[in-house]
K.L.:
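Take a look at the following structure, please.
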Amino acid sequence: MLTMDDIVREGNPILRAVASEVMMPPTQEEKETLKKMREFLINSQDDEIAEKYKLRAGIGLAAPQIGISKRMIAVYIPEEDKIHDYTLFNPKVISHSVENTYLEGGEGCLSVDREVPGYVPRHARVKVKAYNIDGKEITLKLKGLPAIAIQHEIDHLDGIMFYDHINKADPFAIPDHCATN
Ligand SMILES: O=C(O)C[C@@H](Cc1ccccc1)[C@H](O)SCc1ccccc1
Ligand code: NI
């Protein structure tokens, strides 16, 4: 199983590289890696396992974060009515809302061992094309936390960290095109 020892931390150049497309169909090894990334997220959200193995809770993970510069991500977000459970190859935002959003508490990252305060502007809604674990092309329409998470993970595939998006002059300035609550 993956633990925090497998998570690459900021400063490692792999987090600033553009990851390589995965040839379809994926190899058995690539499928296994994606399954391990999903398992890490599920484990990190289980209080007993997370405590036992000192895992930081995560709802998303990108392959560069475990030292693999390939375009592979996992997102696992349990909600009331459904679990957003995505293991994807070559994810790409193909369209998005004009409206933006952000998390009031800002964002964190398993690869960043420090707090970086400030609002991270994200598209409120995204349409994502990707390949599922069997290499089948799929399209996802996401909003809310799943939309934010998938944008955070796709950024990792392009060497972008969440704090790159924070307004340096005024970290808590409300981003443009955000709906008023
Ligand atoms: O480092 C990662 O990529 C995992 C991030 C993903 C993420 C960060 C901010 C917003 C959305 C996704 C974190 O592990 S997830 C930690 C977390 C848990 C619950 C809600 C928000 C963030
Ligand atoms: Ni991250």
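Indexing begins at 1, ligand by ligand and atom by atom, following the structure's order. Please read these numbers as outputs of a predicted model, since none were measured by experiment.
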K.L.:
Give the atoms of ligand 1, by number and element, whose distance to some non-hydrogen atom of Cys109 is under 4.0 Å.
P.N.:
1 (O)
K.L.:
Please determine if Glu107 has a nitrogen or oxygen closer than 3.5 Å to a nitrogen or oxygen of ligand 1.
P.N.:
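So ligand 1 has no N or O lying under 3.5 Å from an N or O of Glu107.
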K.L.:
How close does the nearest protein non-hydrogen atom get to atom 6 (C) of ligand 1, and which residue and atom is it?
P.N.:
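I find the closest protein heavy atom is Glu153 OE2, 3.2 Å.
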K.L.:
May I have the step-by-step check of salt bridge (Lys or Arg N to Asp or Glu O under 4.0 Å) for Asp46 and Lys52, ending in yes or no?
P.N.:
CA-CA 10 Å; Asp46 177 300; Lys52 181 175 179 183; over 6 Å; no
K.L.:
Any side-chain heavy-atom pair from Ile7 and Arg56 closer than 4.5 angstrom?
P.N.:
no
K.L.:
Give the atoms of ligand 1, by number and element, whose distance to some non-hydrogen atom of Leu103 is under 4.0 Å.
P.N.:
10 (C)
K.L.:
Do the side-chain N and O atoms of Glu153 and Tyr86 include a donor-acceptor pair separated by under 3.5 angstrom?
P.N.:
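The criterion, which ignores hydrogens and geometry beyond distance, is not satisfied for Tyr86 and Glu153.
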K.L.:
Is any side-chain heavy atom of Ile160 less than 4.5 Å from a side-chain heavy atom of His165?
P.N.:
yes
K.L.:
Assess Arg56 for proximity to ligand 1: is some non-hydrogen atom of it under 4.0 Å away?
P.N.:
no
K.L.:
Can you name the N/O/S atom of His152 that is nearest the Ni ion (ligand 2)?
P.N.:
NE2
K.L.:
Give me the nearest non-hydrogen protein atom to atom 8 (C) of ligand 1 as residue plus atom name, then the distance to 0.1 Å.
P.N.:
Gly108 O, 3.3 Å
K.L.:
Please compare Val75, Leu110, Ile59, Ile73 and report which has the shortest non-hydrogen distance to atom 15 (S) of ligand 1.
P.N.:
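Selected option, by shortest heavy-atom distance: Ile59.
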K.L.:
Answer yes or no: is there an ion pair linking Lys36 with Glu39, defined by an N-O contact shorter than 4.0 Å?
P.N.:
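Between Glu39 and Lys36 there is no salt bridge, as every charged N stays at least 4.0 Å from the carboxylate O atoms.
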K.L.:
Do the side chains of Ile77 and Val93 join up, straight or via other hydrophobic residues, at under 4.5 Å, putting them in one cluster?
P.N.:
yes
K.L.:
Backbone N or O of Ala124 within a donor-acceptor pair of the Ser97 side chain at under 3.5 Å?
P.N.:
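Answer holds: yes.
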K.L.:
I need the NE2(His156)-the Ni ion (ligand 2)-SG(Cys109) angle, rounded to 10 degrees.
P.N.:
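That angle works out to 100° after rounding to 10°.
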K.L.:
Is there side-chain contact between Leu110 and His156, with heavy atoms separated by less than 4.5 Å?
P.N.:
no
K.L.:
List the atom pairs, donor and acceptor, that lie under 3.5 Å between side-chain atoms in residues 62-73 and the rest of the protein, sequence neighbours left out.
P.N.:
| unit_1 | atom_1 | unit_2 | atom_2 | d |
| --- | --- | --- | --- | --- |
| Gln65 | OE1 | Ala62 | N | 2.9 |
| Gln65 | NE2 | Ser111 | OG | 3.1 |
| Lys70 | NZ | Glu30 | OE2 | 2.7 |
| Arg71 | NH1 | Ala19 | O | 3.2 |
| Arg71 | NH1 | Leu157 | O | 3.0 |
| Arg71 | NH1 | Asp158 | OD1 | 3.1 |
| Arg71 | NH2 | Asp158 | OD1 | 2.9 |

K.L.:
Heavy-atom contacts with Ala57 under 4.0 Å: which atoms of ligand 1 show up? List them by number with element.
P.N.:
14 (O), 16 (C)
K.L.:
Heavy-atom distances under 4.0 Å decide this one: backbone, side chain, both or neither, for His156 against ligand 1?
P.N.:
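Near ligand 1, His156 shows its side chain, while the N, CA, C and O stay back.
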K.L.:
List every atom of ligand 1 that sits less than 4.0 Å from any heavy atom of Gly60, numbering the atoms from 1 in the order shown and giving each element.
P.N.:
2 (C), 3 (O), 4 (C)
K.L.:
Could you tell me, atom by atom, which parts of ligand 1 come under 4.0 Å of a heavy atom of Ala149?
P.N.:
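Selected atoms, number and element: 11 (C), 12 (C).
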K.L.:
For ligand 1, which atoms, with element, lie under 4.0 Å from some heavy atom of Gly58?
P.N.:
14 (O), 15 (S)
